[in-house]
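Quick caveat: nothing in here was measured; it's all calculated off a predicted structure.
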Protein chains: 2
Amino acid sequence: MTVTIYDVAREANVSMATVSRVVNANQNVKPATRKKVLKVIEELGYRPNAVARGLASKKTTTVGVIIPDISNSMYAELARGIEDIATMYRYNIILSNSDQNENKELQLLETMLGKQVDGIVFMSDVISAELLKEMERSPTPIVLAGSIDESAAIASVNIDYYGAAYEAVKKLVDNGHQKIAFIIGPLTSMINKEYKLKAYKEALADAGIDYDEKLIVECNNSYDEAMEAVQTLAPVEPTAYFVSNDEMSIGVIHAVEEQGKKIPMDVEVISYENSKLARMARPMLTSVAFPLYDIGAVSMRLLTKYMNNEEIEEKQVILPYRIEERESTKND
Amino acid sequence: MTVTIYDVAREANVSMATVSRVVNANQNVKPATRKKVLKVIEELGYRPNAVARGLASKKTTTVGVIIPDISNSMYAELARGIEDIATMYRYNIILSNSDQNENKELQLLETMLGKQVDGIVFMSDVISAELLKEMERSPTPIVLAGSIDESAAIASVNIDYYGAAYEAVKKLVDNGHQKIAFIIGPLTSMINKEYKLKAYKEALADAGIDYDEKLIVECNNSYDEAMEAVQTLAPVEPTAYFVSNDEMSIGVIHAVEEQGKKIPMDVEVISYENSKLARMARPMLTSVAFPLYDIGAVSMRLLTKYMNNEEIEEKQVILPYRIEERESTKND
DNA sequence: GTGAAAGCGCTAACAA
DNA sequence: TTGTTAGCGCTTTCAC
């Protein structure tokens with residue numbers, strides 16, 4: 001029914017090996033033979049079976065991608081970066097959402113290894129000990145994208161979260177603020193808790209400002225919770241906000257304006273993401289640029305090096321960040 | 001090196017067939033045998049090779065998903081709907097971006113069929129004749145998600161684009177508007193050109209309002225172009241805007257406000273998407289609810305029916321839409 | 001309830 | 001330059 005390499009070989013009066021060579025662009029085929037085979041392939045509508053090929057060659061040209069949630073624009077951006085580079089290197093992608101659920105992550109890893117992917121790009125706020133153990137034991141290479149593994153056992157691509165947060169808070173401090181609120185994502189996330197929050201504290205300490213726990217509000221990264229956070233903070237009267245992502249920043253802006261305050265005159269806001277939303281907000285958001293697309297792309301590129309057994313010059317890649325100044329802060 | 005079904009069989013003193021039965025939860029295994037096999041599987045850390053399984057069984061439990069661009073929130077939402085249902089039915093997803101490029105679409109189809117996916121969910125603004133031909137010839141089932149094939153040859157899941165647009169425009173007409181601008185996405189898209197635009201024209205005609213071509217501005221679905229469109233339209237002074245998606249609607253709102261006009265008092269706006277953004281806009285957007293997640297989920301569900309040779313009661317599924325009234329229109 | 005054996009469609013030595 | 005021949009690791013009859 002379906003036409004196989006054997007059918008082509010028979011019709012072209014050559015061996016399967018020759019057909020295989022033609023299909024795989026092996027140079028050791030006489031042009032005339034190649035042409036003849038190609039003609040038969042065309043006539044029969046032969047399409048190589050990648051599953052059989054994968055079994056024989058032990059390569060599937062497929063990589064697994066495990067991310068929290070593709071419907072979240074940050075992860076979607078990351079995924080696009082991964083996919084573009086994957087396509088460039090002729091890999092396909094098996095994409096799965098983990099919802100940051102450890103069991104799901106573990107199971108997804110297992111499934112993908114079972115499917116014999118050639119490599120895996122993984123993203124999660126927390127890499128549990130068990131997950132780490134499984135990753136280290138994995139027969140196929142894994143790269144962490146925008147995810148921290150403090151043991152540095154697994155390759156990863158990140159930005160300097162601490163430095164970025166420090167610089168953002170310092171900018172607020174330099175603008176004269178004393179009461180700087182921090183609307184932060186879940187503290188279960190390593191990056192939030194160990195990097196951003198620490199940077200916030202140290203930037204304040206370095207400026208001689210006392211740390212006030214009341215100024216920290218943990219949110220689930222959503223617009224609604226950010227709005228609520230601002231309402232909760234009203235009694236404290238913060239004059240500046242450092243906010244963990246663009247969606248929450250828009251919530252902050254709206255809530256602050258509801259209080260009758262003007263941005264940036266009365267209150268300044270710095271976001272941390274710099275997605276398309278940052279320019280769609282009014283006022284437009286000053287934001288730490290968190291290059292998700294690039295992190296995805298570089299992660300995938302790094303993975304290709306592992307898959308090809310290329311030399312790895314740097315296992316823990318740190319990409320540059322910058323602060324994009326727009327209208328939600330007073331700039332020079 | 002890697003442990004195979006054969007190793008397990010040897011260690012457990014049973015045949016490969018028995019191990020296979022255990023792994024596949026076949027009931028024809030004595031409990032004692034099952035237990036023994038399971039123990040060996042555990043000890044050896046055996047993980048079934050899905051590629052070998054796929055070759056032998058001719059099923060990969062993988063479906064292909066071809067969408068324009070995962071970094072666009074509409075398609076990301078769709079993808080999440082697809083993935084959730086796929087997971088429910090134990091399928092994995094190979095996700096690829098086509099950027100609506102016909103050659104890429106053709107080539108992706110080919111690649112996925114080569115990878116022996118069990119089914120494909122496809123989305124694109126235009127399904128060319130050649131693409132259609134390939135789809136009809138495809139040995140594996142294909143479902144179109146949010147995409148029109150007027151020949152109805154391929155299964156599909158959509159909403160009533162015409163009805164939704166008609167109702168939106170009628171609402172504007174009923175609110176007394178005569179100069180209703182239509183900020184529409186690319187007219188290369190079937191849905192825009194053959195459904196939405198037609199609905200717009202007929203809703204006006206039915207209200208006895210002359211069609212004015214100048215009120216139609218074709219955009220690339222982006223915030224920036226929508227803003228420009230409003231500026232271009234300034235001389236015509238539209239009093240209402242029907243806009244093809246939320247991002248553009250926000251552009252329209254900002255541009256209208258720059259003209260010193262108030263929404264909805266001076267100008268009304270109806271969007272067409274109803275994403276998270278609709279609630280994050282100020283004023284919040286009245287919008288036709290285009291249920292992308294559901295379209296993805298239903299498409300995938302429909303695909304499972306084809307893959308299982310279940311009875312298909314409806315090949316062309318039409319999902320309900322509704323209009324979500326918020327602040328960008330005057331409501332009763 | 002269990003086993004033997006024939007493939008699934010291809011790649012990759014190794015020969016020729 | 002081309003062909004022969006083992007597998008790759010599993011499922012699936014068909015016997016027993």
Between [X] (side chain) and [Y] (backbone), is there a donor-acceptor pair under 3.5 Å?
| X | Y | value |
| --- | --- | --- |
| Asn97(B) | Asp99(B) | no |
| Lys35(B) | Lys30(B) | no |
| Gln100(B) | Asp125(B) | yes |
| Ser124(B) | Ile127(B) | no |

Atom pair distance, as rounded to whole Å: [atom1] in [X] and [atom2] in [N]:
| X | N | atom1 | atom2 | value |
| --- | --- | --- | --- | --- |
| Lys115(B) | dC8(C) | NZ | P | 23 Å |
| Tyr6(A) | dT11(C) | OH | C1' | 17 Å |
| Asn24(B) | dT12(D) | CG | P | 7 Å |
| Asp7(A) | dC8(C) | CG | P | 11 Å |

Exercise for the section: Scan side-chain atoms only and decide if Thr304(A) and Asn308(A) contain a donor-acceptor pair under the 3.5 Å cut-off. Expected result: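 Side chains of Thr304(A) and Asn308(A): no pair found under 3.5 Å.
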As an exercise, state the distance from [atom1] of [X] to [atom2] of [Y], rounded to the nearest 0.5 Å.
| X | Y | atom1 | atom2 | value |
| --- | --- | --- | --- | --- |
| Thr60(A) | Asn92(A) | OG1 | CG | 9.0 Å |
| Thr33(B) | Arg21(B) | OG1 | CZ | 10.5 Å |
| Arg80(B) | Leu78(B) | CZ | CG | 13.0 Å |
| Thr2(B) | Asn49(B) | OG1 | CG | 7.5 Å |

Exercise for the section: Report the end-to-end axis angle of the helix from dG1(C)-dC16(D) to dA16(C)-dT1(D); each axis comes from five terminal pairs, and the value is rounded to 10°. Expected result: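 Between the first-five-pair axis and the last-five-pair axis there is 30°.
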Report each atom pair, protein N/O against N/O of nucleotides 7-9 of chain D, whose distance is under 3.5 angstrom.
residue, atom, partner, partner atom, Å
dC8(D), O3', Lys58(A), NZ, 3.1
dC8(D), O2, Ala56(A), N, 3.3
dG9(D), OP1, Lys58(A), NZ, 2.9
dG9(D), N2, Ala52(B), O, 3.3

Exercise for the section: Ignoring backbone atoms, test whether Ser20(A) places a side-chain nitrogen or oxygen under 4.0 Å from the OP1 or OP2 oxygen of dC10(C). Expected result: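 Looking at the OP1 and OP2 atoms of dC10(C), neither is under 4.0 Å from any side-chain N or O of Ser20(A).
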Problem - Any side-chain heavy-atom pair of Phe122(B) and Ile154(B) under 4.5 Å - result: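 No, every pair of side-chain atoms sits at 4.5 Å or beyond.
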List every contact pair, protein side and nucleotides 1-4 of chain D side both N or O, where the distance is under 3.5 Å.
residue, atom, partner, partner atom, Å
dT2(D), OP1, Thr33(A), OG1, 2.3
dT2(D), OP2, Lys30(A), N, 2.7
dT2(D), OP2, Thr33(A), OG1, 3.3
dG3(D), OP2, Ser15(A), N, 2.8
dG3(D), OP2, Ser15(A), OG, 3.2
dG3(D), OP2, Thr18(A), OG1, 2.7
dG3(D), N7, Arg21(A), NH1, 3.4
dG3(D), N7, Arg21(A), NH2, 3.4
dG3(D), O6, Arg21(A), NH2, 2.5

Practice task
Show the numbers, then the answer: is there a side chain to side chain donor-acceptor pair (under 3.5 Å) between Thr62(A) and Lys115(A)?
Solution key: CA-CA 9 Å; Thr62(A) 302; Lys115(A) 293 220 168 176; over 6 Å; no
